[in-house]
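As the structure is a prediction and not an experimental result, all values here were calculated from the model. Computed over heavy atoms, backbone and side chain alike; hydrogens, waters and symmetry mates excluded.
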Amino acid sequence: SVAALADSVLEGNSGTTVLQYVVSRTGDRSAAASVQWDTSSSEVNGADFLAGSRPYGTLSFAAGESTKTISLQIKGDKTPEGDETVSLRLHDAIGLGTAIGTELATTSLLNDDEYGVVTISALDASLLEGGTGKVGFRFALDRTGGDIASAAHIAWAVNGGTANAV
């Protein structure tokens, strides 16, 4: 079975952040055993890992051993992005009476970049054009993560559509 030592960690802006997973072996431990492991994420790519590629390997237990730790190093960055997740999966266990209990553990990398992430949403999906005067659409900006005490500047533009500006 595998378990993450932390459900979530701050990504960091430089250096590395270590994700740790404990792999436990139960049952008959009188002989050596091994299990293969790999990592997956829809947001974190191989370049985000210190090694430069998505880590994987084989974890070997000597006779009598019941736990091992796998440590993954993630590079910190200042790229504004959302929270990300990394999963470690166990598969292909080999050894006397070896079976995989919990095969997947996940850790969230929490965005801590200085400016955070800004999202925009329309408060008015549509408006009647009206006869005279101007009609204004309203939008909401939501800034999450990062240091909200720091100023952030957003460049924006109106594009496309069939309406003519007045």
The criterion is side chain to side chain donor-acceptor pair (under 3.5 Å); which residues satisfy it with S71, sequence neighbours excluded? Q20

Under 3.5 Å: donor-acceptor pair, side chain of T107, backbone of S8: no

To the nearest 0.5 Å, what is the distance between CZ (R25) and OG (S66)? 8.5 Å

Steps toward side chain to side chain contact (heavy atoms under 4.5 Å, CB included) verdict (V22, V2): CA-CA 6 Å; V22 175; V2 63; over 6 Å; no

State, yes or no, whether a side-chain contact exists between V23 and W37 at a heavy-atom distance under 4.5 Å. no

Looking at A4 and A105, what are the two nearest heavy atoms and their distance? N-CB, 3.6 Å

Is there a side-chain contact between R89 and L104, using heavy atoms and a 4.5 Å cut-off? yes

Are any of the side-chain heavy atoms of L109 and V9 separated by less than 4.5 Å? yes

For T85, does its backbone N or O pair with a side-chain atom of S41 as donor and acceptor, under 3.5 Å? yes

For L10, give me all partners under side chain to side chain contact (heavy atoms under 4.5 Å, CB included), at least two apart in sequence or on another chain. L110, D112

Shared ILVMFWY cluster between F139 and L123, side chains joined below 4.5 angstrom? no

List the residues meeting side chain to side chain contact (heavy atoms under 4.5 Å, CB included) with S121, not counting sequence neighbours, and say none if there are none. A140

Return each pair, listed once, that meets salt bridge (charged side-chain N to carboxylate O under 4.0 Å, His left out) where at least one residue sits in residues 91-102; pairs must be two or more places apart or across chains. none

To the nearest 0.5 Å, what is the distance between CZ on F49 and CG on L19? 7.5 Å

Residues passing the side chain to side chain contact (heavy atoms under 4.5 Å, CB included) test with S30, sequence neighbours excluded, are D28, L96

Who pairs with S87 by side chain to side chain donor-acceptor pair (under 3.5 Å), at least two apart in sequence or on another chain? T106

Atom CG in D48, atom CD1 in I74: separation rounded to 0.5 Å? 6.5 Å

Please list all pairs meeting salt bridge (charged side-chain N to carboxylate O under 4.0 Å, His left out) that have one or both residues in residues 58-74, counting only residues at least two apart or in different chains. E65-K68

Minimum heavy-atom distance T67-S24, with the two atoms named: CG2-OG, 3.8 Å

Salt bridge (charged side-chain N to carboxylate O under 4.0 Å, His left out): pairs with one or both residues in residues 12-21, sequence neighbours excluded: none

Which ILVMFWY residues are connected to L50, directly or by a chain of links, through side-chain heavy atoms under 4.5 Å apart? none

Would you give the length of the straight line joining atom CG of N45 to atom CD of E84, rounded to the nearest 0.5 angstrom? 8.5 Å

Which ILVMFWY residues can you reach from V18 by hopping between side chains whose heavy atoms are under 4.5 Å apart? none

For the side chain of T17 and the backbone of E11, is there at least one donor-acceptor N/O pair under 3.5 Å apart? yes

Any side-chain heavy-atom pair from Y21 and T69 closer than 4.5 angstrom? no

Below 3.5 Å, can you tabulate the donor-acceptor pairs from side chains in residues 52-63 to any protein atom, sequence neighbours excluded?
from : atom 1 : to  : atom 2 : distance (Å)
R54  : NH1    : V44 : O      : 3.1
R54  : NH2    : V44 : O      : 3.0

Just jot down the side chain to side chain contact (heavy atoms under 4.5 Å, CB included) partners of D142, sequence neighbours excluded, or say none. T119, T144

